[in-house]
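Scope of the values below: all heavy atoms of this structure, side chains included, with no hydrogens, waters or symmetry mates. By convention in this document, chain letters (A, B, ...) are assigned in the order of the sequence lines, proteins followed by strands, and residues within each chain are numbered from 1.
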Amino acid sequence: MIVRASQLFLPTLREAPADADAVSHKLLVRGGFIRQVGAGLFSFLPLGWRVHQKVVQIIREEIDAIGGQEMLCPVLTPAELWKTSGRYEITEVFKLEDRAGREFVLPLSHEETFTFHARELQSYKQLPQILYHFSTKERDESRPRGGLLRVREFVMKDAYSFDRDEAGMEHSFQLHAGAYRRIFERCGLQTYEVEAESGIMGGRESWDYLAPTGSGENELVLCENGDYQADREAARGVPRTPDFPESLSAPEDVETPGVATIEDLASFLDVDAAATSKAMPVVTADGRLVLGLVRGDDQLNEEKLTTELESGFRPATDDEIRATFGAGGGSLGPVGVDVEVVADELLRDGQFVTGANRDGWHLRGVEAGRDYQPRFADIRALQEGDRCPICGGTLSIQTAIEVGHIFKLGRHFSERFEARFLDEDGREKLLVMGSYGVGPARTIAAIVEQHHDEHGIAWPEAVAPYDAHVVALPGVEQQAEETAAALDAAGRDVLLDDRDQRAGEKFADADLIGCPIRVTVGKKTLDDGAVDVRDRATGDEHRVPIPELSGKLAGV
RNA sequence: CGGGGCGUAGCGCAGCCUGGUUAGCGCGUCGCGUUUGGGACGCGAAGGUCGCCGGUUCGAAUCCGGCCGCCCCGACCA
């Protein structure tokens, strides 16, 4: 196929839009792949949609290969389905009514609808099943950001597996894990498969696929020796051992005027920050006030505490703090107050400095178990400098984009929808489900984050908008056409830049758009009856006679 | 949801503080000419409800109030 740039809707920009921050956002907009319509809302222009479709096709092939069956469910969904599942209350769900007042939901994924259909599965003989579709998802995000990284509307491939038992679900889950690895590999995207934090739903196992990038919302933890990888939210690191002062037989008051932060406290008392503790009062969804306690040099991991409390929570207000502890924020501690204390595991052994619940005072030598009775849990966030839990190697943290997420759902939805089947033993049982999502747009953003230089994008072949970009310089239009035709005959999709522009501008656009090879046709080369073939990613350039083009392409 | 920033031609911006010609600049666009292997040059031209509504004033892009939109940070570090 040959497409002429002179007739293509391909508005490239010399400068990045002022509101773009992420590299992928800037380059996709500048290259004429996408345009913003509103916050978190993007149109895919012709070139962008070609890339999107290529990613979609790769996903389709890999999911089909594990037995997936493509179908299509509606976006507009009766609210009743969501009330049945219990997800109607989720804040990010878009809700609307028709003119008769009937309630609808715009789904953020399609578990409800697929489970609704799965009720037609009646016998174990029909299992397992993998059903999927590509469809538009809507999310009322509090804050869209980073171009394609977090949006309010996007196409997602979501697949659902239905099995007769856990073993079947495990098998379906592993099939998808394999498919996902192949999908990202084919897209030229480096990803890491990590266990995800299950959060408020609790108990469900899920894996994330994280692509390390320059910008993103996730943090990937990697061991220098390659034997450990995790999402920072769920990562287990081995922290350093604190330098404890001499222990005391009982807590001792110490006056600390004006000391509000851990840093101040450590230097004022001349103790290791790791030998202090930090108290964070929170209020759970059902109104309980809980004191979260972590080591002074640590940070609380909100997800972990949510899991531990089996409830979401918010920070306590100043008034609540004052009423419960009799002191302000900087002087709180677990001793002598009647509140539930959840202490991090690291506070189990040793003596720590804590707030005294008296403004301007702290306590030295506070010991869990002796001076207060906490519930212990792992609620600290992993931090740079922690050691690998497997080999003791150094852990690094880098930003990443979550491009895929696969869940073992179990019977959560089948129970609510009463999606049962008759098993071999004659008993009626609930379907055991899994769900598997991947976003092509996010995948594209991640690919750009991983494959670009200062001039623009360098697409991996499998997802490039066109295989070759033929730059036709003035005076050799005829030969440029012949070159494009030769590439086309060799089965390549060709973008032929036949615009009446200067060479520099065409080269700059070619670099920006990022097709894997650029073929320059100009007077300089024509004496040899040849063209210059340049590899976008490496910059290598070779002169190739036109008749040999199709044969030479593989080894540019 | 909290904080900060921004909104002036297709894109990127200045002007606003200190109100007063016909609202500018660069890029892009259109026409003519010269050019033509890394974003050329000359001449000419088009293109603006200064985000919206209201107020102050003889006079508002500029000052005041309200609203809308967009971006960034935060929504653990008490």
Between the protein and nucleotides 31-36 of chain B, which nitrogen or oxygen pairs are less than 3.5 angstrom apart?
unit_1	atom_1	unit_2	atom_2	d
B/U35	O2	A/R502	NH2	2.6
B/U36	O4'	A/R502	NH2	3.1

Using the closest heavy atom to pick a nucleotide of RNA chain B for each, name whichever of A/G40 or A/I321 lands nearer the 5' end.
-> A/G40
Sorted by position of nearest nucleotide on RNA chain B, 5' first, the leading residue of A/A381 and A/G504 is A/G504
Decide if the gap between the ring center of A/H25 and the ring center of A/F42 is smaller than 6.0 angstrom.
-> yes
Partner nucleotide of [N] by Watson-Crick or wobble geometry (both distances under 3.5 Å):
N: B/A75; value: none
N: B/A61; value: none
N: B/G42; value: B/C32

Which value, in whole Å, describes the distance between the C1' atoms of nucleotides B/C13 and B/C6?
-> 12 Å
Quote, to the nearest angstrom, the C1' distance that separates B/G20 from B/A60.
-> 10 Å
Would you check if there is a donor-acceptor pair between the side chains of A/E449 and A/S215 at a distance under 3.5 Å?
-> yes
Between the base of B/G38 and the side chain of A/R518, is there any donor-acceptor pair under 3.5 Å?
-> yes
Is the base of B/G12 touched by the side chain of A/E15 through a donor-acceptor pair closer than 3.5 angstrom?
-> no
Does NZ or CZ of A/R295 lie under 6.0 Å from the centre of the six-membered ring of A/F352, at an angle within 45° of the ring axis?
-> no
Could you pull out all residues at least two apart from A/P460 that satisfy side-chain contact (heavy atoms from CB on, under 4.5 Å)?
-> A/I447, A/H451, A/V463
